[in-house]
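Step one of this worksheet: look at the structure below.
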Amino acid sequence: MKVCTRKSFSTFHFQLYYVILPFKNKPDFIMIELTNNTDENKKSLNFIETIVEKDLAEGKNNGRIQTRFPPEPNGYLHIGHAKAICLDFGIAKKYGGICNLRFDDTNPVKEDVEYVDSIMEDIQWLGFQWENVFYASDYFGQLWDFAVQLIKKGKAYIDEQSSEEIAKQKGTPTQPGIESPFRNRPVEENLDLFQKMNEGAFEEGSMVLRAKIDMASPNMHFRDPIIYRIIKHPHHRTGTQWKAYPMYDFAHGESDYFEGVTHSLCTLEFEVHRPLYDWFIDELKTDDYRPRQIEFNRLNLTYTVMSKRKLLQLVKEGLVNGWDDPRMPTICGFRRRGYTPASIHKFIDKIGYTKYDGIIDVALLEHAVRENLNAKAPRVSAVINPVKLIITNYPEGQTEMMEAINNPEDESMGSHEIAFSRELYIEQEDFMEDAPKKYFRMTPGQEVRLKNAYIVKCTGCKKNAGGEIEEVYAEYDPNTKSGMPESNRKVKGTIHWVSVEHSIPAEVRLYDRLFDCENPSEEKDKDFREMLNPDSLKIVSGCRVEAELAKAKPLDHFQFQRLGYFNLDPDSTKDHLIFNRTVSLKDTWSKIAKNEG
RNA sequence: UGUCCCAUAGUGUAAUUGGUAACAUGUCAGAUUCUGGCUCUGAAGAGUUUAGGUUCGAGCCCUAAUGGGACAGCCA
């Protein structure tokens with residue numbers, strides 16, 4: 001055995017050793033990495049990891065790393081959140097830190113425990129576990145005290161103007177705002193009103209607490225931002241205890257500070273909030289510690305929308321069948337569609353984290369699921385649009401059990417049996433009376449292999465009065481059974497089938513992209529409902545699947561051979577099997593067929 | 001003549017300032033195949049938005065322009 005080191009790599013913090021094993025025919029090159037951190041070192045760091053490593057190298061926060069995933073419980077998580085989750089939990093894990101789940105529940109009107117539960121379920125399904133669960137509402141007391149402190153310092157005041165008035169005075173991005181007439185209200189009066197505001201003495205909208213900063217600031221967020229408003233709607237956790245609630249800008253950074261977050265990762269649209277985030281923390285902090293907000297690009301995917309508002313609208317207006325409709329980009333939608341956590345991780349790993357706000361081709365996502373399911377999904381036979389095939393020279397009443405390999409990619413998955421008989425179903429698509437040259441399937445005079453069974457030669461078909469194909473006929477060659485010595489004869493095509501008598505009925509749901517246009521969010525002047533793809537769901541009943549599938553459990557993955565990856569829908573019952581198409585197989589034939597006209 | 005952010009093949013990401021700008025996906029071709037899948041081989045596809053500057057040397061640093069985005073909720 002020879003071991004050689006590559007000197008040229010010595011500047012990196014890992015070393016590669018090529019070990020050449022002296023096997024005669026197949027010298028195996030095995031790369032062994034002698035470090036504790038295997039994969040990570042090979043890959044270049046993203047800009048956030050670079051920052052984290054720099055902070056670590058400088059000894060910031062005594063080498064402590066803490067992140068948080070901070071959803072508002074006002075909707076279901078989508079694949080964009082998955083990207084944030086992978087980052088928040090991933091950074092903590094990679095650098096030996098912790099990641100907490102914190103619900104940013106500062107607006108009781110929009111929030112609900114239903115969402116809290118689904119969020120936790122989705123994070124865990126993705127394979128992550130938080131260190132602690134926190135709620136911004138846990139800090140309402142501390143935040144209140146901080147607000148009082150600001151008032152006492154003369155840095156906050158109660159404004160009694162209407163929201164319209166305040167908006168008007170705010171100015172525009174290019175014009176400075178003007179100061180509120182209430183801006184210099186005495187401290188005592190502010191404290192008194194703030195107290196009463198929370199006791200329910202005033203109506204919603206009648207007054208707010210504002211930070212006194214700079215109405216002429218070029219950053220709109222500094223123009224005396226509202227930090228407390230009156231909401232009388234009960235809170236899903238604190239009930240009616242509070243009537244005055246902190247705004248996001250006032251709650252978020254402070255919550256990070258209370259918890260000891262070191263790196264507060266969020267999406268790009270919060271970039272302009274960062275100076276304010278820092279401003280509040282500067283007012284609050286009593287030591288050198290300060291959490292650091294870093295923004296990365298949010299995930300945009302082609303042919304779908306990612307905004308919670310629009311997703312909610314799709315659900316509320318019944319344009320889809322709920323949050324977990326398999327066409328939705330929600331995590332529960334992907335789960336029901338048949339995506340695996342591994343495929344989502346793979347996808348997110350490939351797209352990376354930058355500050356460039358682009359849109360990602362769903363083809364990348366689809367590739368990730370195909371790759372994952374190709375490795376793990378058992379192969380089965382299913383006929384979605386059946387037509388009868390009769391093997392005219394096969395004995396009536398005879399049945400043979402054929403061996404079907406579960407997964408050619410993974411021998412350890414073994415095999416199962418599938419019943420073969422005289423009468424079968426094949427796909428309507430797999431028979432053509434007049435076929436083009438490159439059609440390798442069932443057509444009179446042509447031989448095809450029936451997967452896992454015999455080579456058959458098509459002899460003709462029977463049509464009804466309307467010209468529709470009712471039955472297809474073929475003769476089999478008994479010497480060509482799969483596995484037999486003479487079975488290796490070359491035939492161009494192989495098609496799948498199920499036995500009429502032994503197969504079971506099923507419903508199959510074929511999903512396609514939800515929207516017709518690549519970037520629905522970009523078409524600002526169009527109603528996004530007009531861009532919906534009318535064919536995004538096709539329900540096909542009367543499908544026939546092999547008996548093996550009676551054993552399927554909800555969400556089990558399968559490859560329907562030659563068709564795609566499918567999973568059993570949770571609504572499926574013993575008497576009514578329902579399969580969802582996760583993604584089709586790549587289909588080069590359809591391209592050829594198209595080009596041939 | 002607001003502040004902030006961004007700009008590398010179709011898409012996404014990479015490239016201690018120094019070798020012919022790399023990878024994935026997508027596209028096209030071919031091989032293989034009892035899945036028109038997978039796998040394998042190959043090809044096309046950017047000369048790094050533009051113009052200056054610094055440098056022996058710039059995708060990378062500086063300046064400006066151009067284009068795109070975020071910010072004017074009592075949402076987060």
Side-chain angles (χ1 to χ4, degrees), chain A residues 11-12 43-44 46 70-72 74 104-107 109-111 136 159 162-163 166-168 170-177 204-210 217-223 226-231 245 247-249 251-252 266-275 295 297 302 308-309 350-368 370-371 374-375 379 381 405 408-409 438-441 448-453 455 480 482-483 487-488 490-496 559-565 584-593:
Chain A
T11 50
F12 293 82
K43 266 183 67 175
S44 53
N46 64 45
E72 183 187 17
N74 69 344
D104 254 353
D105 54 350
T106 55
N107 185 359
V109 181
K110 292 183 163 186
E111 297 152 9
D159 196 333
S162 67
S163 61
I166 290 174
K168 212 187 293 170
K170 200 143 211 172
T172 69
T174 52
Q175 290 169 308
E204 287 189 15
S206 62
M207 61 181 64
V208 291
L209 181 69
R210 291 228 254 169
S217 171
N219 184 334
M220 298 293 287
H221 296 277
F222 275 88
R223 324 250 259 228
I226 293 167
I227 58 179
Y228 265 87
R229 78 294 209 190
I230 301 169
I231 299 174
Y245 290 88
M247 296 281 289
Y248 165 85
D249 280 313
H252 197 94
C266 62
T267 44
L268 249 24
E269 67 271 26
F270 292 102
E271 226 155 16
V272 262
H273 294 245
R274 190 183 346 123
E295 311 85 10
N297 58 345
T302 54
K308 269 193 192 175
R309 205 196 88 242
K350 274 194 290 202
I351 62 175
Y353 299 88
T354 68
K355 302 190 78 157
Y356 175 71
D357 189 24
I359 181 163
I360 285 158
D361 193 335
V362 286
L364 254 42
L365 215 205
E366 290 178 345
H367 172 262
R370 286 196 183 105
E371 186 180 57
N374 179 49
R379 272 58 169 169
S381 294
I405 303 291
E409 310 290 318
K438 286 186 185 163
Y439 188 80
F440 304 142
R441 310 177 187 184
V448 297
R449 157 74 62 185
L450 294 178
K451 179 76 185 172
N452 302 321
I455 291 174
T480 58
S482 297
S487 72
N488 287 332
K490 287 271 175 279
V491 283
K492 268 288 176 98
T494 301
I495 66 172
H496 63 280
Q559 186 199 86
F560 287 5
Q561 280 179 121
R562 302 208 304 132
L563 298 174
Y565 296 98
S584 66
L585 252 33
K586 281 214 303 199
D587 184 6
T588 47
W589 163 245
S590 71
K591 287 178 197 163
I592 296 167

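Residue numbers start from 1 in every chain, and the chains themselves are labelled A, B, ... in the order their sequence lines are given, proteins ahead of strands. Keep in mind that this is a model prediction, so the values were computed, not measured. Atoms considered below: every heavy atom in the structure, side chains included; atoms not considered: hydrogens, waters and symmetry mates.
At a cut-off of 3.5 angstrom, counting only N and O atoms as typed in the model, there is no donor on one side facing an acceptor on the other between the side-chain of A/R370 and the base of B/rG37. On a pure distance criterion of 3.5 Å, no polar donor-acceptor pair joins the side chain of A/E366 and the base of B/rU25.
When heavy atoms are screened at a 4.0 angstrom cut-off, A/Q561 is found touching base atoms of the nucleic acid. Within the nucleic acid shown, A/K355 comes within 4.0 Å of sugar-phosphate atoms alone, with no base atom in reach, counting heavy atoms only. Across all strands, A/N297 comes closer than 4.0 Å only to sugar-phosphate atoms, never to a base (heavy-atom distances). When heavy atoms are screened at a 4.0 angstrom cut-off, A/K308 is found touching no nucleic acid atom at all. A/R274 comes within 4.0 angstrom of nothing in the nucleic acid, heavy atoms only.
For the pair A/D357 CG and B/rG69 P, the computed distance is 9 Å after rounding to whole Å. For the pair A/Q175 CD and B/rU3 P, the computed distance is 14 Å after rounding to whole Å. A/I360 places its CD1 atom 17 Å from the P atom of B/rA24, with the value rounded to the nearest Å. As a whole-Å value, the separation of A/R449 CZ from B/rG36 P is 13 Å. Rounded to whole Å, the distance from NZ on A/K492 to C1' on B/rU32 is 12 Å.
Around the NZ atom of A/K492, the shell of radius 6.0 Å holds no more than 12 heavy atoms that belong to other residues, nucleotides or ligands.
Here B/rG12 is the nucleotide among B/rG37, B/rA14, B/rG12 with the atom lying nearest to any side-chain atom of A/I351. The side chain of A/M220 sits closest to B/rC71 out of B/rU35, B/rG36, B/rC71.
The glycosidic torsion of B/rG73 lies within 90° of 0, which places this base in the syn conformation. B/rG47 takes the syn form, because its glycosidic angle lies no more than 90° either side of 0.
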Restricting to nitrogen or oxygen on both sides, can you table the protein-nucleotides 39-50 of chain B pairs closer than 3.5 Å?
none

Check nucleotides 17-20 of chain B for protein N or O atoms closer than 3.5 Å to its own N or O atoms and list the pairs.
none

Table of protein N/O atoms under 3.5 Å from nucleotides 74-76 of chain B N/O atoms:
residue, atom, partner, partner atom, Å
B/rC74, N4, A/Q161, O, 3.1
B/rC74, N4, A/S163, N, 3.3
B/rC74, N4, A/G205, O, 2.9
B/rC75, OP2, A/R229, NE, 3.2
B/rC75, OP2, A/R229, NH2, 3.0
B/rC75, O3', A/R229, NH2, 3.1
B/rC75, O2', A/N107, ND2, 3.2
B/rC75, O2', A/K110, NZ, 3.4
B/rA76, OP1, A/T106, OG1, 2.7
B/rA76, OP1, A/R229, NH1, 3.4
B/rA76, OP1, A/R229, NH2, 2.7
B/rA76, OP2, A/Y248, N, 2.9
B/rA76, O4', A/E72, OE1, 3.4
B/rA76, N6, A/H273, NE2, 3.2

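For B/rG37, the OP1/OP2 oxygens have a side-chain nitrogen or oxygen of A/T588 closer than 4.0 Å. An OP1 or OP2 oxygen of B/rA14 is reached within less than 4.0 angstrom by no side-chain nitrogen or oxygen of A/S44. Distances shorter than 4.0 Å separate some side-chain N or O of A/K591 from OP1 or OP2 on B/rU27.
Remark: ring of A/Y356 not stacked against base of B/rA7; the cut-offs of centroid gap under 5.5 Å and plane tilt under 30° are not jointly satisfied.
Note: A/H273 and A/Y248 have perpendicular aromatic rings, judged against thresholds of 30 and 60 degrees for the angle between ring planes.
Salt bridge status for A/E72 with A/K110: absent, with no side-chain N to carboxylate O gap under 4.0 Å. Using a 4.0 Å cut-off between charged side-chain N and carboxylate O, A/E204 and A/R229 make no salt bridge.
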